[in-house]
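Below is one structure, written out as structure tokens, with a few remarks after it.
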Amino acid sequence: MVGRRRMKEVNASELSSFLVLLLFMLCCCSQLSAAATVTYDHRALVIDGSRRVLISGSIHYPRSTPEMWPDLIEKSKNGGLDVIETYVFWNIHEPVRGQYDFEGRKDLVRFVKTVAEAGLYVHLRIGPYVCAEWNYGGFPLWLHFIPGIKFRTDNEPFKKEMQRFTAKIVDMMKQENLYASQGGPIILSQIENEYGNVDSAYGAAAKTYINWSASMATSLDTSVPWVMCQQADAPDPIINTCNGFYCDQFTPNSDKKPKMWTENWTGWFLAFGGAVPYRPVEDIAFAVARFFQRGGTFQNYYMYHGGTNFGRTTGGPFISTSYDYDAPIDEYGMTRQPKWGHLRDLHKAIKLCEKALVATDPAYTSLGPNLEAHVYKTTSGICAAFLANIGTQSDATVTFNGNTYHLPAWSVSILPDCQNVVFNTAQINSQATLSATKYIKPYSQDSDDIPESAWKFVKEPVGISKSSAFTKVGLFEQINTTADASDYLWYSISVDVTGNEPFLFSGTQTTLQVESLGHVLHAFINGQLEGSGMGNSDNSKVTLEKTITLIHGKNKIDLLSATVGLQNYGAFFDLWGAGITGPVALKGQNSTRDLSSGQWTYQIGLKGEDTGLYDNSGDSSVWLQQSALPKNQPLIWYMTDFDAPEGNDPVAIDFTGMGKGMAWVNGQSIGRYWPTYVAPQTGCAASCNYRGAYSSNKCLKNCGKPSQILYHVPRSMIQPGKNKLILFEEMGGNPTKISFATKQTSSICGHVLESHPAPVDAWKTAKSNAPILHLECPYPNQVISSINFASFGTPYGTCGSYSHGKCSSTGALATVQQACVGVKSCDVEVSIKSFGDPCRYTIKHLAVEAACS
Ligand SMILES: *[C@@H]1O[C@H](CO)[C@@H](O)[C@H](O)[C@H]1NC(C)=O
Ligand SMILES: *[C@@H]1O[C@H](CO)[C@@H](O)[C@H](O)[C@H]1NC(C)=O
Ligand SMILES: *[C@@H]1O[C@H](CO)[C@@H](O)[C@H](O)[C@H]1NC(C)=O
Ligand SMILES: CC(=O)N[C@H]1CO[C@H](CO)[C@@H](O)[C@@H]1O
């Protein structure tokens, strides 16, 4: 309307500049409409003719919900990412050959568009082998049954399917105009995945397969570069890239390709039965800074948000349902602090160096043993420097360009003007947070637990109960038999006993011996659970030996074998077996009866899986409600209603009391639960020294405790009012012990030394050089309500447990209260100017703990 009224008065030239402006605004407001060319040279990816320093992070779309995506991507953008990387998960998109599914969490196009709307780029790693701790590495199970197929090698049936799916995804992206050349966000794509780690096992065919993969991908004509990670011999024009905890020593296989890091592990994945791995942020920041110090221009965090393995998507065996990964955004979508903030500060510091980084290769000078300077300096005088102390023991003072700098051990300082330090990887300025798990009442306002009377149940029959069961001679491998249609396979046989059999001792006792490839085994004799066994993520095999008592006459032996995620990594991982391959025997003192080649009856899956118990879609009259709810008995389905938790905080279920099984909320699987699988007692340390090379078992916590007790229920799975929770309990548990919780940030903390650099934001604009302690409430409508601790001097401890040291300024609490209480965020200068000097000649620090409400 405004436009039309003005139109009368404007002349032609004004009109045309108005139109140009309009066009310009349209192009800038939506990344989807600005076409860009993407190429590369030896320094960097080149977008529209400019070399770029790009920070990327992995978010796997099916590991969260479409409702979570915008917030996760916004937090990634605020954390300083330019690119979101995701794999494409073939097996969820094509569960049956030729039948595609791109709905809900599988809506790849929506995910890519959500990233574009935030103004970020996408690195689409199609694979289609993805590893990713994902079931069967992302391959659909039906692939295994194609005659003559051999995975990931020069095999026609395999190549045909791989090409078909890759082309399908590329076409889909093209149709939606999602490639950069079409104005979309995709600037990079990946074919295959870490094949170089295993290719020697595939012999000469590996070489021809990789050449074929490269030319197949290139022929799809995406107009953006392709990469292969961990593939030293990636043929031109494919860029070979590095994956690992550190990639600074990596060089690409051609001086025409840039140094790119496609997987930097921000933490590590959790397995059922394992302790919880974490990676200190000082070490990740060190690894990233070292990468850019030594010539890198593109790096990706694996994972930036790990998320959840819903349903039966975990790889394995034994990958847990949580895929939190100790990532900068936690499983629930909350920023993990100070990891997220410290890396954000690092990204800002690196971006301040971008002009110098893209202009030239670094020049290296040694500043002493373990002390390195890399300088990016252009002829026009732009200069950026990275100073590193790669020693693990002692801090150092170095002289560089005539100035002296303090370099803590295992740290990098970034100098965007070759003079002033804006960031040191070991000096954290950003705030920490303490997150709390708040237990809530899920049922009614007067009851803490869901009362026993609110539970209904159905007993899953022991042994064969389905008409589709079949009998065969001998023991069959499980995955070949079930095609992974279910975790479960029953192996049943009956044995007649007269009492005189040589495999009996003391009456009708005998030893049942079962050997299984795993992953979990339950042995029932005449309907009773007699023993269970399970493997672990290192060795999935199970051996069960158990003295049992048989009866005269016919004895039923029902063995239930369960998988916990199919193998996703290693040469020929697709041929790993599972299930009971024998022997199965009854052993007496002198004589053994081998049942392995007997007549076995097989049942794939549970009866309740067939009749729709998990989403209550079948006959609801089968659910029983009795005064005595069966507890601690195997093979029970449970159902109850719960109230939608108030508010918007992320929701978790605490499965304390349960054994092992699967849970569904309103018909959607939130994954396998297994709170009884406890991590080993040893291997954890009270604290983890970030100095020195990291490895996946260096920093572990939670030893002797359940690997996973809390399970994420995304808000979008919960409806207002009543909600249905259904469980299948395999081993035995007490569902009345289950509790509900929400995840919250309970405190925010800062701990900054007066020797830290000033905030990177204040570069060149700050009035003083002093570092700043910045506090900010996590939610939009909150303000800082109280300061629970403040000390300037030598306080010690961590967020939630700070204590005053020998030296402490008396007015610190009042000063911080004055600056912070009642506002959403505050900045406090960490210097004697603000606090006075409680102890001269000592380096002082400010520690603050605050609450928001
Ligand atoms: C693979 O391609 C490279 C060039 O890209 C060539 O040198 C090599 O001989 C090829 N290898 C095979 C086994 O075809
Ligand atoms: C599965 O079946 C295929 C084809 O029948 C066979 O080659 C393979 O060895 C079987 N796998 C296992 C683990 O038994
Ligand atoms: C088993 O062997 C031992 C010694 O060889 C013998 O004494 C015993 O009677 C045998 N038991 C059975 C049940 O055959
Ligand atoms: C070589 C190696 O261990 N690669 C792993 C890197 O990390 C990703 C994600 O955890 C795994 O999928 C790879 O197997």
Side-chain angles (χ1 to χ4, degrees), residues 37-46 51 87-88 90 123-131 137-139 143 146 148-167 169-170 179-181 186-244 247 249-263 295-298 300 569-575:
T37 59
V38 186
T39 55
Y40 63 81
D41 64 14
H42 89 286
R43 277 304 298 146
L45 284 183
V46 176
R51 288 179 182 160
Y87 282 129
V88 177
W90 188 357
H123 176 198
L124 192 68
R125 300 170 81 191
I126 300 180
Y129 166 66
V130 299
C131 190
F139 285 137
L143 211 55
I146 291 178
I149 201 158
K150 288 198 175 96
F151 287 18
R152 302 181 78 198
T153 186
D154 192 357
N155 167 275
E156 288 310 320
F158 178 76
K159 290 190 304 189
K160 192 172 149 225
E161 293 301 319
M162 172 167 165
Q163 175 160 12
R164 188 178 56 77
F165 181 73
T166 308
I169 296 299
V170 168
Y179 283 103
S181 58
I186 304 172
I187 54 162
L188 204 60
S189 237
Q190 177 177 305
I191 194 73
E192 249 296 337
N193 187 42
E194 296 190 337
Y195 190 61
N197 293 349
V198 297
D199 59 3
S200 59
Y202 293 85
K207 221 25 181 203
T208 47
Y209 167 63
I210 273 307
N211 278 9
W212 170 84
S213 302
S215 49
M216 185 273 283
T218 313
S219 76
L220 297 174
D221 209 11
T222 60
S223 72
V224 301
W226 287 87
V227 305
M228 284 184 178
C229 59
Q230 299 289 84
Q231 192 69 45
D233 58 358
D236 296 343
I238 312 277
I239 309 169
N240 64 310
T241 65
C242 175
N243 289 358
C247 281
Q249 316 223 358
F250 170 78
T251 38
N253 64 12
S254 146
D255 58 10
K256 299 191 171 56
K257 297 178 184 176
K259 174 167 170 173
M260 296 174 63
W261 188 359
T262 41
E263 279 191 25
T297 50
F298 178 104
N300 176 68
Y569 182 70
F572 307 107
F573 74 86
D574 51 299
L575 301 178

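Note that ligands are numbered from 1 as they come in the structure, with each ligand's atoms numbered from 1 the same way. What's counted below: heavy atoms across the whole structure, side chains too, no hydrogens, waters or symmetry copies.
For atom 9 (O) of ligand 1, the nearest protein heavy atom is 4.0 Å or more away. Put simply, atom 4 (C) of ligand 1 has no protein non-hydrogen atoms near it, under 4.0 Å away.
V88 is not listed as a side-chain neighbour of V130, based on a closest heavy-atom distance of 4.5 Å or more.
The shortest contact between atom 13 (C) of ligand 1 and any protein heavy atom is with T208 CG2, 3.5 Å.
Between C247 and C242, a gap of under 2.5 Å is found separating the two SG atoms.
Taking distance alone, with nitrogen or oxygen atoms compared against 3.5 Å, N211 approaches ligand 1 more closely than that limit.
Environment of NZ in K159: crowded, with over 12 heavy atoms of neighbouring residues, nucleotides or ligands closer than 6.0 Å.
A salt bridge between D236 and K257 is present, with a side-chain N of the basic residue lying under 4.0 Å from a carboxylate O of the acidic one.
Within the listing of ligand 1, atoms 5 (O) sit less than 4.0 angstrom from a heavy atom of P235.
Remark: side-chain polar atoms of D154 are not paired, donor with acceptor, to backbone N or O of T208 under 3.5 angstrom.
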